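To start, the structure under review is shown below, and the notes come after it.
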Amino acid sequence: MKVFEFPFGLEIGNVVDVDFTFSGAPVSIQGTPNHQVLMWNQQRYALPPAWSNPDFPFVRSLHDGRVLVVDTNFEAGKGKNAWILRLNGSELAVDTHFEIGAAVVEIVALWGLIAVAFHPISAKAHGHPILPVQKTGVAFYDLQGRLVMGFNQEASRLGVICENVRCLTALSRTQIMFAPEKLSVDGDEVENPIVLFDCASRRPTLYSAPYPRPEAISMADGLIHLASPETWEDQIITFDPEKKISQHRGEFLGIFRGLEGGAFLSQLSNSDYVVVVPETPDVLKEASRAIEARLPAPAN
């Protein structure tokens, strides 16, 4: 695996969430349980007055240059808890204030859409009510904060239903990959399900992974990478869904979430993050060489 460090200034307390702008620069929420700020373009900005300084907030850079922030505290989850912000000179301006709700597992920005993954059973365990939007598995909002579609509503036309999404990654501007705890097709359960969903065609591609319940997921060159699947804590497993070949990649602590290009964001401490990129697995290199050895030599 390759590991890339990226520097950014720590202004106050801990870095509680971080994302990357289109140019690759970090944007983060930093602070303490008593006060948090948004760090953007190496400048400090005050978050909205209703911000409650949650333990696990979200900050996501949107493709149009704005930033989404989501307050995940219990009380905030009962109402409008998401803001889309833009820079207005030396201050932040609120373009959109809308409701996402509780039990948010992951949020990713797509081209003109915001995908939000839910885990309703976790919400119930923490005292939150289970709301209809959570039963979508993954909900899609436009950049005005309006609910556009839900995965289960779209996929149910094909007999596909998922429950309790554990992790979600944007693979491109229109494609996401996620791992639900349960998925069925016409009532038959898929073992260790992984879903690739294209927002343009609104059609899912389903895979069965070698291990269940990863904490993070990513994909590149047709290979799916699972971080910390059940019974493999702090490990990365790569598998080829076509050839059904898998390989253990080794241990890496603090995998935070999946990124585009087969990478992972890893949190090493309260203020240190790195990007982890699994290289081509040896077992797949060997398989490739074996195939090449059986091919006829090129004609002179």
Side-chain angles (χ1 to χ4, degrees), residues 16-23 25-31 35-41 43-118 123 128-129 131-151 153-154 165 168-170 172-176 178 197 199-200 202 257 260:
V16 287
D17 198 22
V18 63
D19 198 27
F20 305 95
T21 65
F22 188 71
S23 65
V27 56
S28 64
I29 295 176
Q30 302 182 13
H35 181 62
Q36 292 175 350
V37 298
L38 179 69
M39 294 299 301
W40 189 2
N41 291 339
Q43 299 293 321
R44 179 195 298 193
Y45 298 95
L47 287 157
W51 190 260
S52 67
N53 308 312
D55 292 333
F56 304 103
F58 288 94
V59 58
R60 295 293 179 266
S61 175
L62 304 180
H63 290 290
D64 62 7
R66 296 180 296 170
V67 164
L68 168 74
V69 295
V70 180
D71 190 334
T72 56
N73 264 354
F74 182 87
E75 291 300 324
K78 295 179 180 179
K80 293 183 177 181
N81 61 336
W83 293 261
I84 293 178
L85 308 173
R86 61 179 170 85
L87 289 178
N88 183 22
S90 61
E91 298 180 348
L92 287 181
V94 176
D95 278 353
T96 307
H97 185 201
F98 63 104
E99 180 178 351
I100 282 181
V104 177
V105 171
E106 184 57 272
I107 301 173
V108 297
L110 303 169
W111 193 252
L113 290 174
I114 299 165
V116 182
F118 294 100
H128 294 277
L131 304 175
V133 69
Q134 298 165 4
K135 296 181 180 180
T136 63
V138 180
F140 297 85
Y141 297 83
D142 66 17
L143 299 188
Q144 286 73 49
R146 297 173 297 204
L147 182 63
V148 175
M149 62 177 173
F151 172 79
Q153 284 66 33
E154 296 296 325
V165 176
L168 167 73
T169 302
S172 70
R173 294 181 179 184
T174 62
Q175 288 184 322
I176 61 171
F178 62 94
F197 183 65
C199 300
R202 301 194 178 188
R257 67 174 184 267
E260 291 184 33

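Since the model is a prediction, treat every value here as computed from it, not as a measurement. By convention here, the first residue in the shown sequence is residue 1.
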- [ ] Check the pair Val138, Val165 against side-chain contact (heavy atoms from CB on, under 4.5 Å), reporting the backbone distance first and the verdict last.
- [x] CA-CA 8 Å; Val138 180; Val165 176; 4.1 Å; yes
*Dump the intermediate steps for side-chain contact (heavy atoms from CB on, under 4.5 Å) on Phe178 and Val108, then the final yes or no.*
CA-CA 11 Å; Phe178 62 94; Val108 297; over 6 Å; no
TODO: Determine, stepwise, if the pair Val94 / Leu85 fulfils side-chain contact (heavy atoms from CB on, under 4.5 Å).
DONE: CA-CA 5 Å; Val94 176; Leu85 308 173; 3.6 Å; yes
I would like to know whether Glu106 and Arg60 meet salt bridge (Lys or Arg N to Asp or Glu O under 4.0 Å); could you show each step before the answer? CA-CA 10 Å; Glu106 184 57 272; Arg60 295 293 179 266; 2.5 Å; yes
Self-check item: His63 and Leu143: CA distance, side-chain angles, deciding distance, side-chain contact (heavy atoms from CB on, under 4.5 Å) verdict
Solution: CA-CA 10 Å; His63 290 290; Leu143 299 188; over 6 Å; no
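With rounding to the nearest 0.5 Å, the separation of CD in Gln153 from NZ in Lys135 is 11.0 Å. In this structure, the separation between CD on Gln43 and CG on Leu87 is 9.5 Å, given to the nearest 0.5 Å. For the atom pair CZ of Phe118 and CD of Gln134, the computed distance is 6.0 Å after rounding to the nearest 0.5 Å. Distance check, rounded to the nearest 0.5 Å: CG of Asp142 to CG of Leu110 gives 12.5 Å. Interatomic distance, Met39 CE to Arg44 CZ, rounded to the nearest 0.5 Å: 7.0 Å. Note that CG of Asp95 is 4.5 Å distant from CZ of Arg86, once rounded to the nearest 0.5 Å.
Heavy atoms only, all atoms of each residue included: Tyr45 and Trp40 are closest at CE1-O, 3.4 Å. Between Ala109 and Leu62, the closest heavy-atom pair is CB-CD2, 3.8 Å. Between Asn73 and Asp55 the shortest heavy-atom distance is OD1-N, 4.3 Å. Pairing each heavy atom of Phe197 with each of Glu154, the nearest pair is CZ-CB, 4.4 Å. Among all heavy-atom pairs drawn from Phe58 and Ile29, the shortest one is O-CD1, 3.7 Å. Nearest heavy-atom pair across Arg202 and Cys199 is CG-O, 3.4 Å.
For Trp51, the ring-ring contact (aromatic ring centres under 6.0 Å, His included) partners two or more places apart in sequence, or in a different chain, are Trp83.
A donor-acceptor contact closer than 3.5 angstrom links the side chains of Ser52 and Asp71.
Checked by atom type and distance alone, the side chain of Ser61 never pairs as donor or acceptor with a backbone atom of Asp19 at under 3.5 Å.
Between Tyr141 and Phe98, the ring planes are tilted. Angles from 30° to 60° get that label.
At least one side-chain heavy atom of Asn81 sits less than 4.5 Å from a side-chain heavy atom of Val70.
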